[in-house]
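Read through the structure below, which is laid out as structure tokens, and then see the notes.
Basis for what follows: all heavy atoms, side chains included, without hydrogens, waters or symmetry-related copies.
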Amino acid sequence: GGENIEMSVRIWTCGGRIEIVACSHLLHWFRKKRPYVFHGEVSNINNKRLAEVWLDDYKEHYYKNVPSMRSIDAGDLSERIELRKRLHCKPFEWYIKEVYPEVLPKTARPPALSVVAPSSSVAPGATNGSQLAQSRPLAPKGGYKPPPDYRDARCKNVVHPSPSKLPTVTLVIPYLMEAWFQIRNTVVSLVAATNMDLVDEVRFVDDENPSDHKFRDELLALHPKVRVISNKKRLGLTRSKVVGSENVTSPVIIFLEPHLVFGPQWLEPLLSRMLISPRSTVVMPVIDIIKDPYTEDVPASRLYSEAGLDIGIVDLQTLTFDWADLRGHNRSYRDPEPFPSPAMAGGIFAIWNSYWEDSGRYDEGMGEWGGENIEMSIRLWTCGGRIEVVPCSRIFHWFRPKRPYVFHGEVGNRNTKRTAVVWLDEYLPAFMEGSPDMAEVDAGDVSSRVALRKKLQCKPFKWYIQNIFPELETTKRPRGRRPQQPEERSSPEDGGTGPEDHGPRPEDAGPQSA
């Protein structure tokens with residue numbers, strides 16, 4: 001008794017599915033009485049175990065209706081609780097919303113349940129038919145203009161695993177001083193281009209925006225799966241991503257930005273690649289371009305352009321990011337296969353939730369943004385991971401000409417110094433020679449990151465050069481094929497009105513962080 005209910009809840013919330021096949025029939029005798037002795041107290045223990053492990057706050061509703069269950073000893077539940085954690089199962093609230101909304105009347109539901117941090121705001125729950133409603137695209141209104149489909153023709157013929165066989169995702173999007181028009185387009189295009197059955201949550205992280213840029217109510221009204229987490233003080237892009245990732249139950253986390261437009265079927269190629277790759281593989285889409293100016297009145301014909309296929313590279317003397325032509329690095333490449341990249345731009349990538357945690361997330365000693373993408377790139381490759389670009393997945397990104405917020409250049413420099421002293425080994429002098437201003441920068445306490453590197457048994461930086469990007473050592477500055485801003489390193493005097501870290505890219509370009 002109870003084992004069928006436990007298995008049903010476990011299968012649905014832990015990524016499975018239960019179906020009835022109408023073309024298959026069996027006959028069963030529903031006998032009037034049992035031919036054996038049945039001990040009712042054992043069944044009660046089974047039900048108590050089910051309630052304690054799986055019902056979350058809804059167990060109080062069960063105990064209210066069956067008060068005698070409160071006094072029953074359920075035994076040791078640690079093994080099943082650990083199983084639930086290991087399988088990254090969704091909360092029981094998800095089961096009610098997505099699988100069986102009729103299981104409880106609305107009045108019986110707990111007043112405040114959330115799968116996000118206590119400071120977050122949760123959108124109203126879906127009612128009957130929620131799966132169908134959430135999968136249906138929102139009708140584009142106003143400024144959203146569907147982009148062209150730049151995918152290779154072969155991508156359009158790929159048959160991906162059914163949604164029930166793909167992992168679900170939580171999307172994390174920090175935002176600071178963004179225009180509502182661009183945030184809204186991000187969500188509307190996301191829903192239009194995405195099978196939302198694969199998305200558990202869309203988490204926006206409000207990095208202490210002023211009241212006229214919070215957009216909390218507006219965001220929650222866009223889709224039932226949107227959540228808003230509000231930082232009590234400005235943490236910066238890097239740490240806001242960490243906040244947004246906390247308590248995620250989805251198997252996969254995808255980090256995004258608030259000024260995007262999504263290409264058709266962008267999600268399935270990423271998840272399909274992750275399914276057949278080692279858990280330590282981090283995947284990125286090709287980032288096409290939303291041209292500047294990005295305003296509501298610009299027609300679609302002048303709004304979008306296609307990016308080339310590029311790898312991300314690192315400049316050893318400045319630890320800054322650049323792009324290089326893929327075929328100049330890999331002459332045997334064949335379209336549209338996924339390809340490895342020595343470095344990631346930083347803002348947009350998909351990672352297994354468990355690997356995000358196990359590999360060290362971001363360095364929380366870093367502030368605002370800058371340098372976290374280089375640190376993560378080196379850490380992933382040298383500690384057993386891999387970075388890949390999946391060309392059948394394409395997302396459009398706006399490379400804005402200036403930041404809408406104040407960026408403190410000294411914080412970005414400190415981030416870069418932390419990366420250098422933890423990861424560069426005997427190549428640290430080459431970095432210091434190329435960036436003599438870094439001698440005066442205090443990296444702060446890096447002991448936790450040094451300990452992480454030791455715990456993960458990471459290879460030395462020399463291995464990264466020899467096996468991942470040999471060109472790094474053969475040239476003083478491995479220039480990408482795109483022009484950069486005259487000064488890539490942020491200065492302490494940068495008050496936030498200058499260009500983004502690497503500036504807007506030309507029309508054959510890809511992404512940059514922030």
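Between S164 atom OG and L198 atom CG the span is 9.5 Å, to the nearest 0.5 Å. Between the SG atom in C89 and the CD1 atom in I11 there is a gap of 11.0 Å [rounded to 0.5 Å]. Summarising the geometry, atom CZ belonging to R327 is positioned 6.5 Å from atom OH belonging to Y333; distances are rounded to the nearest 0.5 Å. The distance from atom CG of D152 to atom SG of C392, rounded to the nearest 0.5 Å, is 6.5 Å. Between the OG1 atom of T281 and the CD1 atom of I276 there is a distance of 9.5 Å, given to the nearest 0.5 Å.
Among D197, N195, V202, the one residue that satisfies the side-chain contact (heavy atoms from CB on, under 4.5 Å) test with V199 is V202.
Listed by chain and number, the residues in a side-chain hydrogen bond (donor to acceptor under 3.5 Å, both in side chains) with E337 are R334 (sequence neighbours excluded). For E268, there are no side-chain hydrogen bond (donor to acceptor under 3.5 Å, both in side chains) partners two or more places apart in sequence or in a different chain. Taking E357 as the reference, R361 meet the salt bridge (charged side-chain N to carboxylate O under 4.0 Å, His left out) condition, with sequence neighbours excluded. Partners of N209 according to the side-chain hydrogen bond (donor to acceptor under 3.5 Å, both in side chains) rule, which considers only residues two or more places apart in sequence or in another chain, are D206. Residues satisfying the salt bridge (charged side-chain N to carboxylate O under 4.0 Å, His left out) criterion with D358, sequence neighbours excluded, are R279. Checked against salt bridge (charged side-chain N to carboxylate O under 4.0 Å, His left out), E60 has the following partners two or more places apart in sequence or in another chain: R70.
A salt bridge does not link E218 to R184: none of the charged nitrogens lies less than 4.0 Å from a carboxylate oxygen. Comment: R239 does not engage E364 in a salt bridge, judged by the lack of any side-chain N to carboxylate O separation of less than 4.0 angstrom.
With hydrogens and angles disregarded, a donor-acceptor distance shorter than 3.5 Å links the side chain of S280 to the backbone of G384. Remark: side-chain polar atoms of D200 are not paired, donor with acceptor, to backbone N or O of T170 under 3.5 angstrom. The main-chain N or O of G2 is never found under 3.5 Å from a side-chain atom of N46 such that the two would form a donor-acceptor pair. Side-chain N or O atoms of N415 include none that pairs as donor or acceptor with a backbone N or O of G371 at under 3.5 Å. Under a 3.5 Å cut-off, the side chain of E208 and the backbone N or O of R234 do form a donor-acceptor pair. In this structure, T13 contributes its side chain and Y95 its backbone to no donor-acceptor pair below 3.5 Å.
Between F321 and W323, the ring planes lie perpendicular to each other; the angle is over 60°, past the 30° to 60° tilted range. Ring-plane geometry between Y362 and W356 is classed as perpendicular, the angle between the planes exceeding 60 degrees on a 0 to 90 degree scale with a lower cut at 30. Taking the six-membered ring where tryptophan is involved, the planes of W398 and Y294 are perpendicular, since the angle between them exceeds 60° and thus also 30°. Under the 30°/60° scheme for interplanar angles, the aromatic rings of F396 and Y150 are found to be tilted.
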For this session: Could you please spell out the steps behind the side-chain contact (heavy atoms from CB on, under 4.5 Å) verdict for I287 and I348?
Result: CA-CA 9 Å; I287 309 298; I348 301 169; 3.8 Å; yes
Problem set entry | K48 vs Y63, side-chain contact (heavy atoms from CB on, under 4.5 Å): CA-CA, chis, key distance, verdict | CA-CA 9 Å; K48 180 65 175 285; Y63 294 151; 3.0 Å; yes
For this session: Would you check, one step at a time, whether the test side chain to side chain donor-acceptor pair (under 3.5 Å) holds for H213 with E178?
Result: CA-CA 7 Å; H213 279 77; E178 299 285 337; over 6 Å; no
For this session: Applying salt bridge (Lys or Arg N to Asp or Glu O under 4.0 Å), run through R17 and E19 and close with a yes or a no.
Result: CA-CA 7 Å; R17 184 178 177 88; E19 292 186 341; 2.8 Å; yes
Exercise. Which is it for I229 and F204 under the side-chain contact (heavy atoms from CB on, under 4.5 Å) test, yes or no, and what are the steps along the way?
Worked result: CA-CA 6 Å; I229 301 172; F204 279 88; over 6 Å; no
For this session: Dump the intermediate steps for side chain to side chain donor-acceptor pair (under 3.5 Å) on E6 and W54, then the final yes or no.
Result: CA-CA 8 Å; E6 190 272 350; W54 295 100; 3.1 Å; yes
For this session: Any chance you could lay out the salt bridge (Lys or Arg N to Asp or Glu O under 4.0 Å) test for E375 and R449, step after step, and finish with the verdict?
Result: CA-CA 10 Å; E375 190 273 349; R449 303 307 284 182; 3.1 Å; yes
Problem set entry | Residues S272, H160; criterion side chain to side chain donor-acceptor pair (under 3.5 Å); working and verdict | CA-CA 7 Å; S272 298; H160 297 285; 2.9 Å; yes
For this session: Apply the test side-chain contact (heavy atoms from CB on, under 4.5 Å) to residues L309 and V286: give CA-CA distance (whole Å), side-chain angles for both, the deciding distance (0.1 Å), then the verdict.
Result: CA-CA 7 Å; L309 295 184; V286 170; 3.8 Å; yes
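Taking all atoms of both residues into account, the shortest heavy-atom contact from P258 to T186 is O-OG1, 3.0 Å.
Side chains of R80 and R10 form a contact here, defined as non-hydrogen atoms less than 4.5 Å apart.
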